[in-house]
Amino acid sequence: MSSETVLSNARIVLDDQILHGSVRDGVIADISPQRSAPSAGEDLDGDYLMPGVVEVHTDHLEYHFAPRLGVFWDPLPAVLAHDAQMAAAGATTVLDAVRIGSESESADRAATAAHRLADAVTQAADAGLLRADHAIHLRCEVSAADCVDAFGRFADDPHVRLASLMDHAPGQRQFADVEQFKKYYSGKHLIALEDMDSYIAERVEQSERYADLNRKTIATLATERGITLAAHDDATVEHVEESIGLGVHISEFPTTIVAAESATRHGLRVVMGAPNIARGGSQSGNVAASDLLERGLLHILSSDYVPASPLQAVFQLAAEGSLDLVAGAKLVSGNPARAVGFDDRGEIAVNKRADLVRVRPHSSSPTPRHPRGVDVPVVRGVYRAGTRVS
């Protein structure tokens, strides 16, 4: 884009009317009902123009780094492939989740490679290779013996904006049902069935030994450095109250309605996975995101493990009549931006950064699950700070 460009004939997601706007030096300069001269800019032909998706929790970088069991890719090409996929899905700001804390002595490669992955994100960003604006989300496995040491390696990294405190040990939070733990880890071929009982015993022992101290230590270190804290998979009121005491501001994937109610009552932003909306429920058998949405307990949708899912969930909810696109855009853009301190983006407004996504809905046929059909969002253009990147 030039220093000033007009985007015309766009159904800007403010009030669902055809509007026109101009971008100057990377920020939105004007929004107007007046038709611009055709030569002034790009005619969007009535497509929706939405704020770019602000993604606070995506595991997808690790999938590009380890595309198959036992196969590991070079970190920089992995970052570039991940970035291209996120941008094509409408994401203009991405917090790349990297796990720290090896879940067992067998040395989880994704966790031990966390610093290499984060360095590759920084290298690509500094070289101007990335379509989206990237930061780091540290997913801290507090039951791991090496979690605090691993966190220390990121202590002074300015790209770290979010840290989540999680314990995936069997019997805890997401895996309160040990049988669900077995199903998940054996289904992903992470642990052989004959080794499952000994692995579970090891993880339980680690959690009992390290989780409480590591959770408190990392919370203190993050707060000292101005890093936003998230709790992961809180299941009870007691979990939420503990999180509040640690300085947590975001509740990621609470597993019960009771935990989401408590989090909301304390002013935490509740994050759920957009795949949970698209699929109609949790893959782990926990509370459905739609149940929280109906109760006013859902504030942010993340892509989690499917990059295209935030926009898909928003258009699906709109087609179902659960909420309009303006409210949907807040779930995937405005609310996550505010939650991690990005106050310059996440909405289409004058003087906000021109991070925008052009979307044309494609109507699919009705199905038994979706008797009204579903509008599938087709991303036709993505702009970061006024420059088209996808």
Looking only at side-chain N and O atoms, does [Y] offer a donor or acceptor that is under 3.5 Å from a partner on [X]?
X: N335; Y: H299; result: no
X: Q85; Y: Y63; result: no
X: D234; Y: H232; result: no
X: R345; Y: T93; result: yes

**Message:** Would M272 and D291 count as a side-chain contact (heavy atoms from CB on, under 4.5 Å) here? Give the steps.
**Reply:** CA-CA 11 Å; M272 293 293 279; D291 290 341; over 6 Å; no

Would you say [Y] ends up clustered with [X] if hydrophobic residues are merged whenever their side chains have heavy atoms under 4.5 Å apart, either directly or through other cluster members?
X: V13; Y: V378; result: no
X: V79; Y: F72; result: yes
X: V94; Y: L117; result: no
X: I244; Y: V237; result: no
X: V54; Y: V160; result: no

Quick one: are [X] and [Y] in side-chain contact, heavy atoms under 4.5 Å?
X: N9; Y: L44; result: no
X: F315; Y: V359; result: yes
X: F253; Y: D304; result: yes
X: C147; Y: Y210; result: no
X: R153; Y: I100; result: no
X: E141; Y: R99; result: no
X: H57; Y: I300; result: no
X: T256; Y: T236; result: no

At what distance, to the nearest 0.5 angstrom, does [atom1] of [X] lie from [atom2] of [Y]?
X: L138; Y: I218; atom1: CG; atom2: CD1; value: 8.5 Å
X: D59; Y: R139; atom1: CG; atom2: CZ; value: 4.5 Å
X: L298; Y: L317; atom1: CG; atom2: CG; value: 8.5 Å
X: F154; Y: D119; atom1: CZ; atom2: CG; value: 7.5 Å
X: I227; Y: I136; atom1: CD1; atom2: CD1; value: 11.0 Å
X: S303; Y: Q312; atom1: OG; atom2: CD; value: 12.0 Å

Which heavy atom of [X] sits nearest a heavy atom of [Y], and at what distance?
X: G328; Y: L323; answer: N-CD1, 3.7 Å
X: V314; Y: A329; answer: CG1-N, 4.5 Å
X: R353; Y: D133; answer: NH2-OD2, 3.4 Å
X: Y48; Y: R11; answer: CE2-CD, 3.1 Å
X: E252; Y: S164; answer: OE1-CB, 3.4 Å
X: V357; Y: P51; answer: CG1-O, 3.7 Å

**Message:** Would K216 and L246 count as a side-chain contact (heavy atoms from CB on, under 4.5 Å) here? Give the steps.
**Reply:** CA-CA 7 Å; K216 292 175 181 176; L246 294 172; 4.0 Å; yes

Indicate yes or no for a side-chain donor-acceptor contact from [X] to the backbone of [Y] under 3.5 Å, with no hydrogens or angles considered.
X: D355; Y: A385; answer: yes
X: H239; Y: A235; answer: yes
X: S364; Y: V374; answer: yes
X: R384; Y: A132; answer: yes
X: N276; Y: A289; answer: yes

For residues 121-131, which side-chain N or O atoms pair as donor and acceptor with protein atoms under 3.5 Å away, sequence neighbours left out?
from: T122; atom 1: OG1; to: A118; atom 2: O; distance (Å): 3.2
from: R131; atom 1: NE; to: V389; atom 2: O; distance (Å): 3.4

**Prompt:** Just wondering, are more than 12 heavy atoms of other shown residues or ligands nearer than 6.0 Å to NE2 in H249?
**Reply:**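 Atom NE2 in H249 is not crowded, with 12 or fewer foreign heavy atoms closer than 6.0 Å.
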
**Message:** Evaluate H137 against L61 for side-chain contact (heavy atoms from CB on, under 4.5 Å), listing each step before the verdict.
**Reply:** CA-CA 11 Å; H137 170 181; L61 176 56; over 6 Å; no

**Item:** Salt bridge K352-D344, side-chain N to carboxylate O under 4.0 Å
**Value:**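 Salt bridge between K352 and D344, a charged N being under 4.0 Å from a carboxylate O: no.
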
**Asked** Just checking, R161 and F342: is the charged tip under 6.0 Å from the six-membered ring centre and within 45° of the axis?
**Response** yes

Please output the side-chain donor-acceptor pairs of residues 263-271 that fall under 3.5 Å, not counting sequence neighbours, one pair per line with the distance.
from: T264; atom 1: OG1; to: A260; atom 2: O; distance (Å): 2.9
from: H266; atom 1: ND1; to: S262; atom 2: O; distance (Å): 2.8

**Pair H60-E55, side-chain contact (heavy atoms from CB on, under 4.5 Å): steps then yes or no** = CA-CA 11 Å; H60 226 257; E55 178 52 65; over 6 Å; no

**Qualifying residue for side chain to side chain contact (heavy atoms under 4.5 Å, CB included) with L165, from N214, D233, L229** = L229

